[in-house]
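Below is one structure; the comments refer to it alone.
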Amino acid sequence: MARIIVVTSGKGGVGKTTTSAAIAMGLAKKGHKTAVIDFDVGLRNLDLIMGCERRVVYDFVNVINGEASLNQALIRDKHCDLLYILPASQTRDKDALTQEGVNKVLEELSKDFKYIVCDSPAGIEKGAHLAMYFADDAFVITNPEVSSVRDSDRMLGLLASKSRRAEQNLEPIKEYLVLTRYSPDRVKLGDMLSVDDVQDILSLHLLGVIPESKSVLTASNAGVPVILDEKSDAGQAYDDIVARYLGEDRPHRFIEEKKGLFGKFFGGK
Amino acid sequence: MSADAKKTPSITSILEFKSSTFSVPVLVLSGNDLDVISEQLQKKIDLAPEFFKNSPVVFDLQPLNKQSLAIDIEELIAIIRQSKLLPIGIRGGTPEQIATALSLHIPVYSLHNNLAQDNQKAKKIEAITEPAIAANMLISHPVRSGQRIYSSGDLTVTAQVSAGAEILAEGNIHVYGSLRGRALAGVQGDTQARIFCFDLQAELISIAGNYKISEDLGNDVRGKPVQIYLQENSLIIKDLV
């Protein structure tokens with residue numbers, strides 16, 4: 001039985017697709033057969049971030065409508081053969097997604113796959129709702145910024161009340177906080193919310209912090225999930241997150257501000 | 001308008017009906033032992049005798065009728081009068097109970113009624129009606145932005161209330177955590193309702209329609225454990241410790 005993970009946020013542009021690509025790749029690299037699905041019908045970009053945009057024949061909506069089989073639509077990743085991508089439709093709109101259709105696809109995927117990562121669109125409308133409805137785990141992506149925190153809080157409320165687990169009174173969705181675009185220097189200056197500030201407002205356990213990093217844009221442009229850039233701080237942070245999710249205990253590495261040469265010699269925080 | 005105006009058009013009208021609404025406490029009964037009712041009613045009145053003296057009251061029999069507990073209407077009215085309350089209405093009664101009440105000149109009120117504005121000095125907002133549910137409510141998970149909790153009794157939250165969340169209670173509100181959202185107590189008109197919280201950062205607080213917004217909360221009370229109550233239509237915020 002597959003574990004369904006939704007990567008959601010409420011707020012747009014905080015790093016959902018970047019994170020979906022990174023953790024799906026991370027899980028697959030650790031030997032687990034993983035599928036990552038783009039739920040953003042009409043505004044698809046998971047295929048770009050994963051670097052498979054030139055191999056899209058059929059998409060999620062085709063499968064739901066019975067126009068193609070799941071095997072025809074799934075794209076195997078070039079870097080890791082345990083990772084498969086199910087792209088969204090670009091020409092339809094989100095009304096093409098139905099709860100029964102999504103359920104059928106997830107059930108079929110569950111037979112073969114260990115993890116199914118659902119990349120949610122922004123907002124709280126149908127696309128976002130369907131992406132989180134069947135989830136077992138939720139990665140709530142949040143920027144250390146007031147409107148993102150407020151929207152994440154709203155999304156947490158919806159996860160606790162409008163998901164299948166909530167409606168059927170099952171064990172609730174496990175919620176994980178992923179804080180992205182974190183800049184310890186700005187936090188020190190008092191410009192940016194700190195990890196503690198965000199945890200205080202959201203009352204949610206922290207899975208990991210991804211530092212603001214130039215490597216994310218580079219990775220997007222190259223169509224390679226940033227977790228494969230082992231030298232980058234963001235890549236390493238995503239690697240830590242995957243490890244923690246799978247049960248390993250890793251210290252948070254990118255929360256302290258970078259000390260310059262002088263800082264290292266003369267101490268101080 | 002007077003009905004007589006049509007019959008005798010030459011005489012000017014000396015009376016008219018105007019639409020008005022008044023805030024009246026509702027006495028909700030969940031047990032039918034008249035001695036216990038008499039004793040408990042007197043105890044409640046003794047908490048604020050001046051408030052209750054000669055106060056009109058509507059008595060609500062819905063919980064009793066839900067449990068199929070019978071009650072003698074005449075005796076109940078007598079007990080209410082003995083406590084110096086003036087019964088002016090019956091709500092949630094069976095047809096027989098209603099007939100008895102009407103024979104004693106007690107009007108009948110429907111189960112759903114709204115509080116409208118009246119001419120008090122403080123700012124007012126409309127109270128809301130919700131279907132009747134169990135009394136005191138305990139919420140032990142964080143109340144998230146966009147969520148709305150309504151209690152027909154007291155409401156206790158042993159976690160935080162996020163900004164953008166709304167908690168409402170017909171009785172008191174206790175938040176054993178940070179209160180960052182909106183808290184409305186006494187929403188059906190109970191001016192004795194209070195709000196207690198560990199950390200006041202609320203967007204809006206209200207008791208029986210008298211409200212204050214975040215901007216009007218002084219820095220001396222923000223972020224502190226406080227209790228909030230109504231005194232002569234003004235919201236008083238006092239330190240808890």
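Chain letters run A, B, ... following the sequence lines, proteins first and then strands; every chain starts at 1. Just so you know, these numbers come straight off a predicted model, no measurement behind them.
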- Message: Using heavy-atom distances under 4.5 Å, tell me whether A:Asp151 contacts chain B through its side chain, its backbone, both, or neither.
- Response: neither

- Got a sec: does the CD of A:Glu171 have more than 12 other heavy atoms crowding it under 6.0 Å? no

- Note on the structure: Heavy-atom nearest pair, B:Ser145 first then A:Arg150, reads OG-CD, 3.6 Å

- Message: Strictly distance-based, threshold 3.5 Å: is any side-chain N or O of B:Arg144 a donor or acceptor partner for the main-chain N or O of A:Leu202?
- Response: yes

- Within a radius of less than 6.0 Å around CZ of A:Arg44, do more than 12 heavy atoms belonging to other residues, nucleotides or ligands occur? yes

- Message: Could you check whether atom NZ of B:Lys224 has more than 12 heavy atoms from other residues, nucleotides or ligands sitting under 6.0 Å from it?
- Response: yes

- Task: May I ask you to check whether over 12 heavy atoms, not counting those of A:Lys174, lie within 6.0 Å of atom NZ?
- Result: no

- Pair B:Arg180 + A:Asp153, salt bridge at N-O below 4.0 Å: no

